[in-house]
Amino acid sequence: MKFSAILVKPLTLISLICGAITYTGSFIASASNADYSYLPASEVKQLQVENQSVPALLRPWLGHKQLGLAIIVPALGERADAPGLASYLRRELNDAGWATLALTPPEPADTSTEINTAIETGNQLTKQPEQASDSQLTAEQVAKTKLQQDFMLASMAQLDALGKHFSGKRMLVTMGDSANLIIELLASKRLPMPDLLVIVNPYSELESVNNALPEKLASLAIPVLDIQSKDGTAASISTQLKRRSLAPANAPTRYSQQVLALDLTLEMAWDNSLELIEGFASRINKAYPNG
């Protein structure tokens, strides 16, 4: 599937979020001010979210293999080049035939003046359908989630221009609480579907939202690689078995869960993750070749 069919319908996506990013201008992640002077200038791009620049890091594929573009979203509040697995995949997937585009995710921001501003503006606190039955969600939590979603949507809506030179599949790789955010946006059809989705230790800090994560993940009609490490958060580990039990029957071309024997603090675990992603992408590419 080509980018124009999924993440690059700017008018379609913008129409979905029109009027929904009123407060994202003040909800810029602190990581957006990170210094990337250690990188080649050609890698550092800037997305515009409410007239503020947010870094995105682009690296081309290397060698003869040209499979597509991998969009990498680190955990909330981290840099686009977050140390560890995110940074490793951003560099190593290039040799496997993937251009990589690493985004700056929104800030966790449990309590902030930005959220208080949103709370004071009541029309921004309408609950999403998946949250409607949760009496435990406070107005602040709802506002926080909405700001994070709007930030992510505003960033994703600009990927067409950055990825236009890299034809092929679009693979979305997302980690931790960002993975939950992406799953929610895909399940609610606010974000167009990628060709492949890779999630690493997905979770939400809100127990009710975390408990709903497996059902939302199972509802996605796209190939999913679900990587769980033993040092993932307790919230992520708590849903691991349910995520697997709800998996569609036609795995592994639809869903595959892999448990790492090593902690993600170790480079060998990054290597293992890369091999899992390469293997999964190869299976999907054989089942659904690039046109």
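This is a predicted model, so every value here is computed, not measured. Values below: every heavy atom of this structure, side chains too, minus hydrogens, waters and symmetry copies.
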* To do: With sequence neighbours excluded, tell me which residues meet salt bridge (Lys or Arg N to Asp or Glu O under 4.0 Å) with D226.
  =>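 R243.
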* Asked: Between D81 and R91, is there a side-chain N and carboxylate O pair less than 4.0 Å apart?
  ->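 A salt bridge is present here (some side-chain N lies under 4.0 Å from a carboxylate O).
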* Is any side-chain N of the basic residue among R90 and E43 closer than 4.0 Å to the acidic one's carboxylate O? ->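 Yes, this pair counts.
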Using only atom types and a distance under 3.5 Å, with no angle test, would you say the side chain of [X] pairs donor to acceptor with the backbone of [Y]?
X	Y	answer
N210	A235	yes
D195	R170	yes
Q52	Q48	no
K230	V259	no

When you compare the side chains of [X] and [Y], does any donor N or O come within less than 3.5 Å of an acceptor on the partner?
X	Y	answer
S229	D263	no
Q149	E184	yes
S256	Q258	yes

* Asked: Any side-chain heavy-atom pair from I72 and L101 closer than 4.5 angstrom?
  ->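 Heavy-atom side-chain distance check fails, nothing below 4.5 Å.
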* Asked: With side chains defined as the heavy atoms from C-beta onward, is the minimum distance between Q141 and L206 less than 4.5 Å?
  ->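 In short, these two side chains touch, coming nearer than 4.5 Å.
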* Measure from NZ or CZ of R79 to the centre of the six-membered ring of Y36 and say whether it is under 6.0 Å with the direction within 45° of the ring axis. =>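 Here R79 passes the 6.0 Å and 45° test against Y36.
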* Audit row: T233, N201, side chain to side chain donor-acceptor pair (under 3.5 Å) steps and yes/no -> CA-CA 7 Å; T233 64; N201 296 339; over 6 Å; no
State plainly whether one hydrophobic cluster holds both [X] and [Y], where clusters connect Ile, Leu, Val, Met, Phe, Trp and Tyr through side-chain heavy atoms under 4.5 angstrom apart.
X	Y	value
Y203	I182	no
I237	I183	no
L246	V209	no

* **Contact summary for E78 and T104, nearest pair of heavy atoms** =>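 Residues E78 and T104, closest heavy atoms: O-CG2, 4.4 Å.
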* Nearest heavy atoms of L67 and N290, plus distance in Å ->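 Looking at all heavy atoms of both residues, the closest pair is O-ND2, 3.3 Å.
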* **Derivation and outcome, side-chain contact (heavy atoms from CB on, under 4.5 Å), residues L89 and T100** => CA-CA 8 Å; L89 292 178; T100 56; over 6 Å; no
* Kindly state each residue pair satisfying side-chain hydrogen bond (donor to acceptor under 3.5 Å, both in side chains) with at least one member in residues 60-73, sequence neighbours excluded. =>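 Listed once each, the pairs would be none.
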* Show the numbers, then the answer: is there a side-chain contact (heavy atoms from CB on, under 4.5 Å) between L274 and W270? => CA-CA 6 Å; L274 175 64; W270 310 342; over 6 Å; no
